[in-house]
Amino acid sequence: MQNRALFSESFLYQPSILARLKNEFAEASREFREDPKDYVVGAIKGDGIGGHRRRMLLMYGFSIAMLLFVTFFIAMLIMWQLAHSKVEANKEEELIKIATLANLDDIQQPIDMPKADKKAGGGGGGGRKTPTPPSKGQLPKFSLQPPIIAPRPEPQLRPPALPTMETVQVDPRLEPRRDELAPTGLPTGVIGPPSAGPGTGGGMGSGDGGGMGTGDGRGVGPGRGYNMGGGDPSLGGGNRNTPATSVDVRPIPLNRPRPNYTEEARKNKIQGVVVARVLVGADGSVRSVKIVRHLPDGLDEEAISAVYKMRFKPAMKNGQPVAFWQNIEVEFNLR
């Protein structure tokens, strides 16, 4: 029984092929050093132990050759990958250079912006001979570069692969706050289906030239050429928050925050109206407050605090929002 176990264990243990090749190579080297002639003759004849050793040496040589081949193949793959990555990086760099060279901002001629104390002039108009008046909306984005496409009120059902923004040729400093979700139109237009108006030349309005409004040009409003403000085109007047002395539409309050009563005024039963002169900016926010008619016991301060929380639909002049001073009454009542 014990002999059977020993016999079985001798077959269970098998060294790795590398270990066996190493041992065989070492044994062959030792025999070759002792008697080279006898070793060579035995290996060539292929009988007995010599034939077995020859097969082992051939396997060892084949393994070495495979190892060298795999190493060489992997090295070639690594070198190809590095060269391919370098070529792709060079292509990307060339594309960036081409895109930089094709940048419209580099091609377009810079325009010197005038000082704000100069008065803006010019205008524009347009239309597509539509029998209905131009529809209500917001003006396109302002740019002093000539527009690529004329504005139109209809939404694009199939936007182009390279979308182009609608613009009018107006000093960007005159541009009011925009709502990107609002349709293109005239602030003084009518509410209804999209309509470009009875004018000609593209754009919207009752004028001509591809702009917006009643003028003749690529600008906005009455006037000629481009820009806005009436008359011949001239740049300037960039500060749209400079208060206007006259407007077509006065500011309209959108909320009425309730002022707080002070304890002293409540104790002294102070009631009445505080009149404040308010500067409403072109964006509808309150820029400045001056008290014209006062009330005591801290009610003036509470009125100022309430007025600063108000929001307005800004004053309009020539279809554009402008800053404007307006009186606001703040009532204090103990009821």
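- For the atom pair CZ of Arg250 and CZ of Phe312, the computed distance is 12.5 Å after rounding to the nearest 0.5 Å.
- Considering only heavy atoms from C-beta on, Asp283 stays 4.5 Å or farther from Pro321 through its side chain.
- Summarising the geometry of Arg128 relative to Pro153, their closest heavy-atom pair is NH1-CD, 4.4 Å, with the distance given to 0.1 Å.
- The minimum heavy-atom distance linking Glu166 with Pro140 is given by the pair O-CB, 3.6 Å.
- In this structure, Glu331 CD and Arg258 CZ are separated by 10.0 Å, a value rounded to the nearest 0.5 Å.
- At least one donor-acceptor pair closer than 3.5 Å links the side chain of Asp300 to the backbone N or O of Leu295.
- Scanning both residues, Phe142 and Val168, for their nearest heavy atoms gives CD1-CG2, 3.6 Å.
- Asn255 contributes a side-chain N or O that, together with a main-chain N or O of Lys309, makes up a donor-acceptor pair within less than 3.5 Å.
- Closest heavy-atom contact between Thr130 and Ala196: OG1-N, 3.9 Å.
- Side-chain atoms of Arg256 and Met310, non-hydrogen and from C-beta on, do get closer than 4.5 Å to each other.
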Worksheet item: Given the rule in the side chain to side chain contact (heavy atoms under 4.5 Å, CB included) test, do Trp325 and Lys290 qualify, once you have shown the distances and angles that lead to the verdict?
Response: CA-CA 10 Å; Trp325 284 98; Lys290 298 178 181 179; 3.9 Å; yes

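- Between the side chain of Gln326 and the backbone N or O of Pro251, at least one donor-acceptor pair lies under 3.5 Å.
- In Leu254, the CG atom is crowded: over 12 heavy atoms of neighbouring residues, nucleotides or ligands sit closer than 6.0 Å.
- Taking OH from Tyr308 and OG from Ser285, the interatomic distance works out to 10.0 Å, rounded to the nearest 0.5 Å.
- Both Val70 and Ile78 are members of a single hydrophobic cluster when ILVMFWY side chains are connected at heavy-atom separations under 4.5 Å.
- Using a 4.0 Å cut-off between charged side-chain N and carboxylate O, Arg224 and Asp216 make no salt bridge.
- With rounding to the nearest 0.5 Å, the separation of OG1 in Thr188 from CE in Met316 is 7.5 Å.
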Discussion item. Determine whether Thr184 and Arg152 satisfy the following criterion, side chain to side chain contact (heavy atoms under 4.5 Å, CB included), listing intermediate values before the conclusion.
Written reply: CA-CA 7 Å; Thr184 301; Arg152 60 187 310 150; over 6 Å; no

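- Proximity of a side-chain donor or acceptor of Asn227 to a complementary backbone N or O of Gly121 within less than 3.5 Å is detected.
- Taken from CD1 in Ile74 to CZ in Phe69, the straight-line distance is 10.5 Å, to the nearest 0.5 Å.
- Pro151 and Met204 get closest at one heavy-atom pair: O-CG, 4.3 Å.
- Panel note: side chain Thr214, backbone Ser206; no donor-acceptor pair is recorded below 3.5 Å.
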Practice prompt. Go through Leu279 and Val286 one step at a time and tell me if the side chain to side chain contact (heavy atoms under 4.5 Å, CB included) criterion holds.
Written response: CA-CA 6 Å; Leu279 176 60; Val286 175; over 6 Å; no

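- Checking side-chain atoms of Gln271 against main-chain N and O of Leu334 turns up a donor-acceptor pair under 3.5 Å.
- The two atoms that bring Pro314 and Gly284 nearest to each other are CB-N, 4.1 Å, heavy atoms only.
- Ile291 and Val275 end up in different hydrophobic clusters when Ile, Leu, Val, Met, Phe, Trp and Tyr side chains are linked at under 4.5 Å.
- Side chain of Tyr261 to main chain of Ile270: a donor-acceptor pair is present (N/O by atom type, distance under 3.5 Å, no hydrogens or angles).
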Worksheet item: After noting the C-alpha distance and the side-chain angles of Ser143 and Thr167, does the key distance pass the side chain to side chain donor-acceptor pair (under 3.5 Å) rule?
Response: CA-CA 6 Å; Ser143 172; Thr167 60; 5.4 Å; no

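- How far CG of Leu299 is from CD1 of Ile304: 11.5 Å, rounded to the nearest 0.5 Å.
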Item to complete: List the steps and the verdict of side chain to side chain contact (heavy atoms under 4.5 Å, CB included) for Val190 and Lys136.
Response: CA-CA 5 Å; Val190 298; Lys136 188 177 182 63; 5.9 Å; no

